[in-house]
K.L.:
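Below you will find the structure I want to go over with you.
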2 protein chains.
Amino acid sequence: MPRARTSKPAPSEENTAPSGTTAPGPSIDASFLHTLVGYNARRASMSIIEVFVERMATHDLKMVEFSVLSLVSHNPGITSRQLCAALDVMPPNLVGLIAALERRKLIERRPHPTDRRAVGVHLTPAGAELTAQAERTAAQLEMDATYRLTDAERKTLIQLLQKIYN
Amino acid sequence: MPRARTSKPAPSEENTAPSGTTAPGPSIDASFLHTLVGYNARRASMSIIEVFVERMATHDLKMVEFSVLSLVSHNPGITSRQLCAALDVMPPNLVGLIAALERRKLIERRPHPTDRRAVGVHLTPAGAELTAQAERTAAQLEMDATYRLTDAERKTLIQLLQKIYN
DNA sequence: TATTGTTATACTCTATAACTATA
DNA sequence: TATAGTTATAGAGTATAACAATA
């Protein structure tokens, strides 16, 4: 269910109009898809993510990288395994990500205090600074990407969404 | 911003507990992420998509394939280009998809009535039958995946989501 | 000159198997 | 015996460039 670009209903008979001149766009009937919560949730999240990716590029941060930094920031000493569980990333895929953030001196890996197999992840001062900035960027971009919603609507929306996945 | 699995806040001091025995799970503070509409929309859509993929496997249909069939069903003679626009798929990536559905005799490609460059896509009787079944599956699965919502809440949710991307 | 459909190809994301060192 | 972290690799999904046929 990839995101779509058009919306208006059209006659359900023979479609005789090719897209023609690109601009106005043909009116395709996607009304069934529009009745699906999943479809709408996906479209909405894609449209926010688009802005997210664009603005986070300012900090040279991908979405997952931002999530990692934010989690490490609020959970100093968190292990790779915990990050994997919280972000639903497979352990092998986190390795390169962590390594990249470490090369950029945004995080540090220190031996875990009680488990010698594990490694605790911590923010460096530079990492903490960048994370604080990035969280402000995220909060702002959210408001911009959902500017058609009132504060009350945004609150309601989040509650309803959490009812689905919690 | 990949979906996460944990939710409850935790002290923001040194994290001394590795995940340990897998079951109960460590309590990671993801409270900042939970304030983001984008994060919640993504988590919710992922949780619905999970059910979607699982149930559509019954019809041996991927999400995009279902979307294509549904669009062709409501827009007989739609062109590849129109499908690409409506589904936000790059033309080269639709080719294999269409070919696969054609091999399964679910769709037919006929010359476009007015544009000899284009090809109109149509459902075969078998394709129409499968699409009707799959749409019923989709509608049902939606209800199941969002069973914690009342009908009114579901309606509100869809309206709010559409306010974001429309 | 632009568009439709297509091939070939590259890049990113995600997933699996298997190893090591610790528990 | 199970878990944390890692390597190597396979597989999706998604992206770009370039082409022939037609507009």
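Every chain is numbered from 1 and lettered A, B, ... according to where its sequence line falls, protein lines coming before strand lines.
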K.L.:
Counting side-chain heavy atoms from C-beta on, which of C/dA17, C/dG5, D/dG5 comes nearest to A/Val119?
P.N.:
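From the listed options, D/dG5 comes nearest.
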K.L.:
Which nucleotide wins on minimum distance to the side chain of B/Arg81, given the candidates C/dG5, D/dA4, C/dA17?
P.N.:
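The listed nucleotide nearest to B/Arg81's side chain is C/dG5.
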K.L.:
Could I get the full list of side-chain contact (heavy atoms from CB on, under 4.5 Å) partners for A/Pro92, not counting sequence neighbours?
P.N.:
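Testing A/Pro92 for side-chain contact (heavy atoms from CB on, under 4.5 Å), a comparison that skips the adjacent residues, returns A/Met90.
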K.L.:
Are a donor atom and an acceptor atom from the side chains of B/His74 and A/Ser31 found within less than 3.5 Å of each other?
P.N.:
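No.
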K.L.:
Given atom CE of B/Met90 and atom C1' of D/dA12, what is their separation to the nearest angstrom?
P.N.:
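Atom CE in B/Met90 sits about 17 Å away from atom C1' in D/dA12.
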K.L.:
OP1, OP2 of D/dT6 versus side-chain N and O of A/Arg109: anything below 4.0 Å?
P.N.:
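Answer yes for this pair, as a side-chain N or O of A/Arg109 is under 4.0 Å from OP1 or OP2.
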K.L.:
Between D/dG13 and B/Lys62, is there an OP1 or OP2 to side-chain N/O distance shorter than 4.0 Å?
P.N.:
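Yes, because at least one side-chain N or O of B/Lys62 sits under 4.0 Å from OP1 or OP2 of D/dG13.
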K.L.:
Using the closest heavy atom to pick a nucleotide of DNA chain D for each, name whichever of B/Asn93 or A/Gly120 lands nearer the 5' end.
P.N.:
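Residue closer to the 5' terminus by nearest nucleotide: A/Gly120.
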K.L.:
Please produce a list of atom pairs where a protein N or O lies less than 3.5 Å from an N or O of nucleotides 21-23 of chain D.
P.N.:
from: D/dA23; atom 1: OP1; to: B/Arg116; atom 2: N; distance (Å): 2.8
from: D/dA23; atom 1: OP2; to: B/Arg116; atom 2: NE; distance (Å): 3.4
from: D/dA23; atom 1: OP2; to: B/Arg116; atom 2: NH2; distance (Å): 3.0

K.L.:
Can you sort out the partners of B/Ala128 under side-chain contact (heavy atoms from CB on, under 4.5 Å), two or more places apart, ordered by chain and number?
P.N.:
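Only B/Leu123 meet the side-chain contact (heavy atoms from CB on, under 4.5 Å) criterion with B/Ala128.
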K.L.:
Starting at atom CG of B/Leu94, determine the distance to atom P of D/dT14, rounded to an integer number of angstrom.
P.N.:
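Going from B/Leu94 (CG) to D/dT14 (P), I get 12 Å.
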K.L.:
Output the rounded distance in Å from CD1 (A/Ile98) to C1' (D/dT7).
P.N.:
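Rounding to the nearest Å, CD1 of A/Ile98 and C1' of D/dT7 are 16 Å apart.
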K.L.:
With under 30° as parallel and over 60° as perpendicular, where do the rings of B/Tyr165 and A/His34 fit, or are they tilted in between?
P.N.:
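Aromatic pair B/Tyr165/A/His34 classed tilted.
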K.L.:
Taking the six-membered ring for Trp and the single ring otherwise, decide whether the centroids of B/Phe66 and B/Phe52 are under 6.0 Å apart.
P.N.:
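Yes, close enough.
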